[in-house]
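Proteins get letters first, then strands, A, B, ... in listed order; numbering begins at 1 in each.
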Amino acid sequence: MKRRKRERNENGFEDWGGYMNAKKAKLSEQFKVESAKAGLKVDDLFKGVKIFVNGYTDPSADELRILMMQHGGEYHHYYRTGNTTHVIATNLPDSKLSQTRTSITVKPEWIVKSIEANKLLNYKDYLLVTGRTISQPPLLFTKQQSNKSPTKLPMKNTADDHFIDEFYANSRLHHISTMGATFKEYINQLRSNDRHAFPGRDHLSNQYPPSSGKMLATKLIMHIDMDCFFVSVGLRDKPHLVGKPVAVTHSKSGAGNARDGVNLLQEIESYRNRLGYGPSGSSAWSESKFSTTASMAEIASCSYEARKCGIKNGMFVGQALKLCPQLQFIHYDFDAYKQVSYQLYDSVARYTLDIEAVSCDEMYVDLTNLFQAIDLAPMKFAAILRKEILEKTGCNSSVGFGSNKLIARLATKKAKPNGQYWIEDDQIELFLNDLPLSELPGVGRSTTHKLKELAIKTCGDLQLLPLQELQKEFGKKHGETLYNACRGKEEKGLVFTHVKKSVSTDVNYGIRLRNDEERDIFLMNLTKETAKRLAAINMKGKCVTLKLMVRSKDAPEESAKYMGHGVCDHITKSVSLLSAISSTDDIYREVQKIIKPLGLDSKELRGVGIQVSRLESNAPVKNRLKDLFAANSKPSTTKDIVQKSPPPIAVEKDGKSTSVTKKSDVNIDKVPHKETSHSKDPKIEQPKTDPEGSSVQESYLLPADLRAMIGKWVEAEETPKRRDQRIILGYLLHLCKAQQIEDVFIILKAFYLYVKRRRKMQADWTQAYQKILESVQASMVAEYGGKLSMEEYRFL
DNA sequence: ATCCTCCCCTAC
DNA sequence: TAAGGTAGGGGAGGAT
Ligand SMILES: Nc1ccn([C@H]2C[C@H](O)[C@@H](COP(=O)(O)OP(=O)(O)OP(=O)(O)O)O2)c(=O)n1
Ligand SMILES: [Mg+2]
Ligand SMILES: [Mg+2]
Ligand SMILES: [Mg+2]
């Protein structure tokens with residue numbers, strides 16, 4: 001078995017880290033004196049200094065942010081022309097280097113050493129760029145100086161160590177998802193700063209002081225959303241394209257490419273087979289059978305001129321070109337989107353922090369409080385705000401007002417492009433009457449399709465349906481939501497403080513694995529990415545879920561979309577854990593435990609996702625910054641020991657995971673909307689009986705470790721939680737079925753003694769033990785026709 | 001009732 | 001060629 005070692009590093013970087021570590025160690029003494037609470041100001045060392053961190057640095061951007069906060073400086077999430085005083089960077093790619101000529105770019109040691117010296121050192125001694133050369137360390141990628149562009153290489157193999165990074169670097173959906181999370185967190189962070197200033201609000205309250213006693217009668221919610229966001233950002237330096245139909249996409253030429261194994265018509269049929277209706281615009285793209293090479297690249301965003309032809313975000317390029325042959329394409333610029341997003345959020349944050357972040361280009365704002373401090377008409381405020389955003393970003397936005405989020409959002413839609421609209425309560429009924437149902441947030445393809453069968457197309461139509469009817473069709477809550485939404489009613493307030501509940505990494509593109517070995521390499525890489533994301537937010541989780549997409553039996557060998565997933569069956573399986581995990585090894589073990597018994601053909605995999613949920617905070621008291629400065633004194637061995645603690649216990653639901661002959665162990669998507677197609681599940685490779693016999697068992701916990709964990713559990717937990725009891729029982733049943741009766745006996749005995757040893761004999765613990773014992777006995781009878789003799793080990 | 005897992009749906 | 005991610009709400013149906 002080959003172990004892949006970290007394969008760094010081609011640019012002489014390690015020495016640098018060592019140097020920084022030494023510096024930081026020296027600072028540790030002083031740092032200890034400082035408040036442990038990050039964010040509390042200690043001095044004004046960096047007063048007037050406003051930094052923007054560009055690229056990888058050590059200390060990290062986040063650590064520099066905290067340092068600036070502690071020493072009276074300012075931290076900018078993006079470069080603010082005429083405001084940011086210093087760019088902090090260690091190395092910059094060629095592309096970004098040019099920008100730095102117009103600004104002061106300084107190495108991070110300037111900050112570290114200044115803190116160390118307890119005085120502001122001259123930044124000129126720490127410039128990254130001196131004249132035309134980079135001082136130290138050397139620029140990355142200097143080898144690639146050859147004339148020919150290094151692009152044009154074929155797509156990386158799925159199991160390539162860089163496949164995941166490259167995919168994510170280019171995935172727009174990954175970027176908007178990540179940015180969405182970024183801005184939810186950004187609002188959390190702004191709101192947690194009690195010194196946050198509101199210059200916009202202050203200015204307005206001077207200019208439009210509140211007339212005494214005047215209060216807003218009802219809640220006022222504002223929704224704001226950038227117009228064709230990616231396009232607007234991209235067109236800022238392409239004025240010749242403004243006013244034309246434009247789309248952001250990866251497609252260069254608009255042409256696709258014919259490949260072996262593709263069968264478009266078969267694929268559409270397979271899709272229809274699964275969902276009961278075809279892919280959107282399928283007639284348009286099935287016409288492309290005549291021109292086999294229509295591009296199936298997706299359009300991320302299109303200009304309003306393009307929308308006049310019927311083009312929509314998410315549409316395939318080939319289909320869009322049919323609607324509008326003059327459509328022009330521009331490239332992605334993910335860095336720019338993020339910068340504009342910060343400018344958008346910062347603009348609104350000048351007035352209020354009663355903000356619910358929705359995405360990188362969109363948020364809800366509760367203005368009820370703001371308008372108690374100022375006497376200004378909402379529409380006037382919107383004009384001021386939108387003008388400010390336009391001046392800062394060069395992009396148009398639109399604003400909607402309403403008495404709840406739903407109405408505000410509908411108003412924004414009405415206002416677009418580059419407008420503002422207020423739907424007051426007495427206009428709601430009229431506004432909704434003819435509104436197509438699909439315009440309601442929460443009503444997507446499936447719901448629209450279902451309602452169309454009932455001849456319901458508008459909100460007005462839907463209002464005629466009684467609540468019970470809707471609940472029968474859509475379930476209790478969803479039915480009620482629809483019932484209210486079509487009347488413009490919505491109770492939900494804004495969520496100002498976001499709490500993350502799960503972390504996942506999915507790749508459903510470019511998955512083409514040749515064998516199980518490649519599958520495991522890819523799974524390991526994906527697990528590493530998952531662990532990295534958990535570490536980044538300092539979380540661990542008690543549930544691991546594996547999501548797989550497997551080519552449907554009736555789908556063509558190759559998807560019509562290049563490297564796409566095509567039509568697939570979905571398999572989801574999760575493992576509950578007794579204690580939370582976050583390391584690559586721990587997660588990978590669970591992933592293996594799930595995937596092995598499925599017995600899938602790796603060649604048929606088209607998508608893989610790993611999710612960690614039931615999150616809890618990792619190392620709640622620890623302050624990473626403190627570690628940073630205090631580290632280095634001893635190459636600590638204790639860390640290694642801690643990591644070697646026995647793996648947490650995990651079991652499949654009901655512990656039935658080894659009954660591999662049971663079909664129910666593989667969960668296959670039900671075919672929605674087609675009650676008639678009960679006949680047979682789409683066939684899937686039947687799990688094969690384990691060839692090596694013991695490999696399944698190997699991925700499980702050793703009995704000794706289980707015993708130890710039960711000991712800890714009984715000792716550490718106040719009361720036995722139902723979920724944990726289930727997990728323990730599941731594992732015992734698993735041992736039972738694996739014929740490890742002796743182990744079951746020993747563990748139960750130990751469990752009994754642990755409970756007995758508790759200082760206070762609690763009824764809930766004895767009951768928990770009894771319940772588990774009884775369940776194990778029942779299983780013993782079912783499996784072997786006899787019980788364990790546990791007479792001495794039972795509570796009465 | 002309540003919880004659990006697996007799944008569907010939606011949004012950007 | 002092309003980069004079809006990710007998080008949350010909630011329903012179905014079985015177990016407790
Ligand atoms: N299917 C989609 C939808 C959106 N996006 C990205 C590109 C969009 O520019 C951005 C914001 O999404 P919006 O729904 O706000 O759409 P736009 O801003 O493009 O247009 P609109 O003016 O309707 O808001 O998210 C995407 O990549 N793929
Ligand atoms: Mg938008
Ligand atoms: Mg695209
Ligand atoms: Mg939006």
Side-chain angles (χ1 to χ4, degrees), chain A residues 154-156 163-164 166-181 183-184 225 229-230 249-253 255-259 262 275 293-298 300-301 313-314 316-317 332 357-362 409 440-448 450 471 474-479 481 492 495 498-511 533 543 545 547 549 558-566 568 570-576 606-607 609 611 613 652-654 664 666-673 721-723 725-727 729 771 775:
Chain A
M155 177 99 179
K156 287 195 163 57
F163 168 80
I164 292 175
E166 179 170 325
F167 169 68
Y168 281 139
N170 289 293
S171 162
R172 78 188 202 281
L173 291 174
H174 166 74
H175 277 98
I176 62 177
S177 231
T178 308
M179 286 164 72
F183 288 102
K184 281 165 197 207
D225 186 298
F229 185 44
F230 287 10
T249 173
H250 283 301
S251 171
K252 308 274 183 237
S253 57
N257 215 335
R259 284 163 290 121
V262 173
L275 288 184
T293 58
S295 164
M296 295 190 78
E298 278 172 44
S301 178
N313 289 358
F316 290 139
V317 163
Y332 289 93
V358 175
S359 75
C360 61
D361 89 325
E362 182 178 346
R409 189 197 280 244
L440 285 179
V443 176
R445 269 175 69 74
S446 172
T447 309
T448 307
K450 266 191 199 170
Q471 288 180 320
F474 296 98
K476 191 168 180 335
K477 279 205 138 147
H478 192 198
T481 308
K492 288 178 293 183
V495 179
H498 177 77
V499 179
K500 224 195 203 349
K501 294 180 181 160
S502 68
V503 167
S504 60
T505 53
D506 302 57
V507 179
N508 300 313
Y509 180 86
I511 304 294
R533 293 184 193 184
C543 181
T545 304
K547 295 174 279 185
M549 293 178 79
E558 258 313 322
S559 56
K561 186 185 179 79
Y562 174 66
M563 284 292 147
H565 54 58
C568 284
H570 298 240
I571 300 173
T572 303
K573 224 160 170 9
S574 55
V575 184
S576 267
R606 292 293 179 268
Q611 182 187 56
S613 52
E652 311 277 332
K653 179 193 178 192
D654 309 331
S664 62
V666 177
N667 303 284
I668 298 169
D669 278 357
K670 302 275 188 301
V671 180
H673 318 303
K721 296 201 195 72
R722 185 148 56 118
R723 177 185 290 160
Q725 294 180 45
R726 252 167 179 275
I727 291 171
L729 174 61
K771 228 164 76 186
S775 300

K.L.:
Within less than 4.0 Å of OP1 or OP2 of dC4(B), is there a side-chain N or O belonging to Arg726(A)?
P.N.:
no
K.L.:
Please tell me if His174(A) has a side-chain N or O lying less than 4.0 Å from either OP1 or OP2 of dG4(C).
P.N.:
no
K.L.:
Quick one: ring pair (Phe, Tyr, Trp, His ring centres under 6.0 Å) partners of Phe474(A), sequence neighbours excluded?
P.N.:
His478(A)
K.L.:
Got a sec, which residues hit ring pair (Phe, Tyr, Trp, His ring centres under 6.0 Å) with Phe183(A), two or more places apart in sequence or on another chain?
P.N.:
Tyr342(A), Tyr345(A)
K.L.:
Kindly say if Tyr168(A) contacts the phosphate of dT6(C), meaning a side-chain N or O under 4.0 Å from OP1 or OP2.
P.N.:
yes
K.L.:
Does a side-chain N or O from His478(A) land closer than 4.0 Å to OP1 or OP2 of dC9(B), or not?
P.N.:
no
K.L.:
Please determine if a side-chain N or O atom of Ser446(A) lies less than 4.0 Å away from the OP1 or OP2 oxygen of dC9(B).
P.N.:
yes
K.L.:
Is there a side-chain contact (heavy atoms from CB on, under 4.5 Å) between Tyr509(A) and His565(A)? Walk through the geometry before answering.
P.N.:
CA-CA 6 Å; Tyr509(A) 180 86; His565(A) 54 58; over 6 Å; no
K.L.:
Which part of the nucleic acid, if any, lies within reach of Gly566(A) when heavy atoms closer than 4.0 Å are counted: base, sugar-phosphate only, or nothing?
P.N.:
base
K.L.:
Report yes if a side-chain nitrogen or oxygen of Arg172(A) is closer than 4.0 Å to either non-bridging phosphate oxygen (OP1 or OP2) of dG4(C); otherwise report no.
P.N.:
yes
K.L.:
So, does Arg533(A) get its side chain near the phosphate of dT6(C), meaning an N or O under 4.0 Å from OP1 or OP2?
P.N.:
yes
K.L.:
Answer yes or no: does a side-chain N or O of Arg259(A) lie under 4.0 Å from OP1 or OP2 of dA2(C)?
P.N.:
no
K.L.:
Examine dG8(C): is either OP1 or OP2 under 4.0 Å from a nitrogen or oxygen in the side chain of Ser502(A)? Give yes or no.
P.N.:
yes
K.L.:
I want to check one thing: is the phosphate of dA7(C), taken as OP1 and OP2, less than 4.0 Å away from some side-chain N or O of Ser504(A)?
P.N.:
yes
K.L.:
Which is true for Leu440(A) with a 4.0 Å heavy-atom rule: it touches a base, it touches only sugar-phosphate, or it touches nothing?
P.N.:
sugar-phosphate
K.L.:
OP1 or OP2 of dC6(B) versus the side-chain N and O atoms of Lys573(A): is any pair under 4.0 Å?
P.N.:
yes
K.L.:
Give Ala255(A) one of three labels, base, sugar-phosphate or nothing, depending on what nucleic acid heavy atoms sit under 4.0 Å from its own.
P.N.:
sugar-phosphate
K.L.:
Hey, does Val495(A) reach any base, or is it just sugar-phosphate, or nothing, if we go heavy atoms under 4.0 Å?
P.N.:
nothing
K.L.:
With a 4.0 Å cutoff (strictly under), does any side-chain N or O of Ser295(A) reach OP1 or OP2 of dA2(C)?
P.N.:
yes
K.L.:
Check the phosphate of dG5(C) against Lys547(A), side-chain N and O only, distance under 4.0 Å to OP1 or OP2. Yes or no?
P.N.:
no
